[in-house]
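Here's the structure, in structure tokens; my notes come after.
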2 protein chains.
Amino acid sequence: MSAIETKQRILRIASELFARQGFTGTTIADIARELGTTTAALYYHFPSKADILAGLLAEPLASYQRIMTSLAAGAAAPEEILGAFVDLNTESRELGTVIDRDPAVLAMIDERLPRSSRELMAEVVAALAGPDADRAALIRASAALAVVKGATSAALELAPDGKLSPDDRAEVLATALRALAPDPMPKPPPGRAS
Amino acid sequence: MSAIETKQRILRIASELFARQGFTGTTIADIARELGTTTAALYYHFPSKADILAGLLAEPLASYQRIMTSLAAGAAAPEEILGAFVDLNTESRELGTVIDRDPAVLAMIDERLPRSSRELMAEVVAALAGPDADRAALIRASAALAVVKGATSAALELAPDGKLSPDDRAEVLATALRALAPDPMPKPPPGRAS
DNA sequence: GTCTATACCCGGATAGAC
DNA sequence: GTCTATCCGGGTATAGAC
């Protein structure tokens with residue numbers, strides 16, 4: 001088995017284990033056992049446990065930054081932004097749960113990013129809420145993002161083939177947009193017969 | 001300082017640290033330092049680190065089970081269910097982030113509960129989605145729950161006094177309900193003039 | 001490229017004095 | 001109730017043979 005091939009296997013195994021047990025909760029020995037070798041063999045392919053995580057995070061993090069730059073470029077439609085995050089969560093479904101579950105992972109990511117992940121999220125919320133957003137609008141924007149994350153992973157779990165069908169994607173997106181939009185009529189004004 | 005008083009201080013400190021660094025990411029030494037004593041002193045008040053967490057979790061877990069039994073009793077309105085979870089997240093705001101972030105914590109909770117937390121969540125989703133729910137309805141129900149968690153914590157962070165105002169609570173609830181409701185008209189059927 | 005063996009550190013927990 | 005000192009286990013990482 002070529003070195004590069006083994007490297008891929010390690011990443012695949014690590015991805016599963018991290019998703020199930022978290023990054024901190026997964027030991028090098030866990031990965032080695034699943035791989036069928038010893039921990040020492042692992043260190044031939046990766047210099048450290050953190051580097052395994054970094055290898056896993058490289059692509060999704062690049063996608064993420066692409067979204068952020070396109071977001072900084074101009075006023076993107078909420079639909080575009082939310083759709084991009086649905087796709088990001090779909091591509092790297094296992095990692096999505098890993099990332100914000102483990103503070104150690106958060107810290108690692110913050111090292112590799114220009115701005116902290118909290119700041120980045122705040123930017124996305126601001127972009128979704130629009131320029132003159134009151135607190136209610138910010139709440140709704142946070143809600144829309146929560147929907148994207150929660151509903152996407154729910155849809156992926158419910159899907160028989162583990163893939164996000166176009167219908168499901170549309171449902172998630174529509175739900176997020178409904179969350180984002182203010183209530184059309186919170187309470188029908190009294191004195192106005194239907 | 002009385003023992004009972006110190007115990008409360010420990011719980012308070014632990015709550016903060018767990019929220020910031022996660023349960024696994026927080027060491028007994030961290031807590032002791034913040035407390036101004038040594039780790040050995042901590043063990044006079046709590047037999048183990050896990051027991052500190054258990055002390056923190058006791059109340060919110062009881063609330064949670066209260067919700068579940070009332071849910072099992074009869075068909076509660078979605079509004080009631082979602083409202084109950086908003087309140088639960090508000091009362092134990094710091095813990096909410098701790099609980100499902102750390103697999104170790106999840107495991108501990110599952111030990112103390114009759115059913116696994118995954119099963120419980122599935123029950124709530126089912127109750128929200130209704131008896132004859134298709135996959136889209138289940139997705140929306142998951143989304144509504146995600147809104148409750150995400151938007152409540154966002155609202156708490158945005159609030160100047162760190163408290164959830166009635167207005168904000170209403171906004172969160174309305175948003176969750178919009179997420180839950182199917183799209184009124186996803187696409188106006190063609191051939192039917194407005 | 002993978003092994004055995006082991007160094008090293010850190011975190012949870014205990015013993016026993018005060 | 002709190003201290004000093006220490007044990008013990010487990011986890012990352014390395015050395016060096018094969």
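Nothing here was measured: the structure is a model prediction, and the numbers come from that model. Chain A is the first sequence line, chain B the second, and so forth, proteins listed ahead of strands; every chain is numbered from 1.
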**OP:** Choose from C:dT14, D:dG1, C:dC3 the nucleotide whose nearest atom is closest to any side-chain atom of B:Y43.
**Re:** C:dT14

Subject >> Under-4.0 Å salt bridge between B:E5 and B:R9 >> reply: no

Subject >> Interatomic distance where CG belongs to A:L42 and P belongs to C:dT4 [whole Å] >> reply: 14 Å

Subject >> Neighbour count above 12 (heavy atom, 6.0 Å) for B:E16 CD >> reply: yes

**OP:** Would you indicate, yes or no, if D:dG1 has its OP1 or OP2 atom less than 4.0 angstrom from a side-chain nitrogen or oxygen of B:Y44?
**Re:** yes

**OP:** Give the rounded distance in Å between these two atoms: CZ of A:R33 and P of C:dC3.
**Re:** 14 Å

Original post:
How do B:A40 and B:I4 order along DNA chain D: which one's closest nucleotide is nearer the 5' end?
Top reply: B:I4

Original post:
D:dA13, D:dG1, C:dG12: which one has an atom nearest the side-chain heavy atoms of B:A3?
Top reply: D:dG1

Original post:
What nucleic acid atoms does A:T24 come within less than 4.0 Å of, heavy atoms only: base, sugar-phosphate, or nothing?
Top reply: nothing

Original post:
Under 6.0 Å from the six-membered ring centre of B:Y44 and within 45° of its axis: does the NZ or CZ of B:K7 meet both?
Top reply: no

Original post:
Are any of the side-chain nitrogens in A:D87 or A:R169 under 4.0 Å away from the carboxylate oxygens of its partner?
Top reply: yes

Original post:
If you draw a 6.0 Å radius around CD in A:E79, do more than 12 non-hydrogen atoms from other residues or ligands fall strictly inside?
Top reply: no

Original post:
Is any side-chain nitrogen or oxygen of A:T38 closer than 4.0 Å to OP1 or OP2 of C:dC3?
Top reply: yes

Subject >> Distance, rounded to the nearest Å, where B:I10 contributes CD1 and C:dG12 contributes P >> reply: 14 Å

Subject >> Nearest-nucleotide 5' precedence on DNA chain D, B:T6 against A:T27 >> reply: B:T6

**OP:** Could you state the atom-to-atom distance from CZ of B:R9 to P of D:dT2 in whole Å?
**Re:** 9 Å

Subject >> Per B:A41 side chain, nearest of listed nucleotides D:dC3, C:dG12, C:dT2 >> reply: D:dC3

Original post:
Once you round it to whole Å, what is the distance between P of C:dG12 and CE of B:M108?
Top reply: 14 Å

**OP:** Calculate the interatomic distance between A:I28 atom CD1 and C:dA7 atom P; express it in whole Å.
**Re:** 20 Å

Subject >> Rounded distance (Å) that lies between atom C1' of D:dG10 and atom NZ of B:K49 >> reply: 14 Å

**OP:** Would you kindly give the CG-to-P distance between B:D30 and C:dA13, to the nearest whole Å?
**Re:** 14 Å

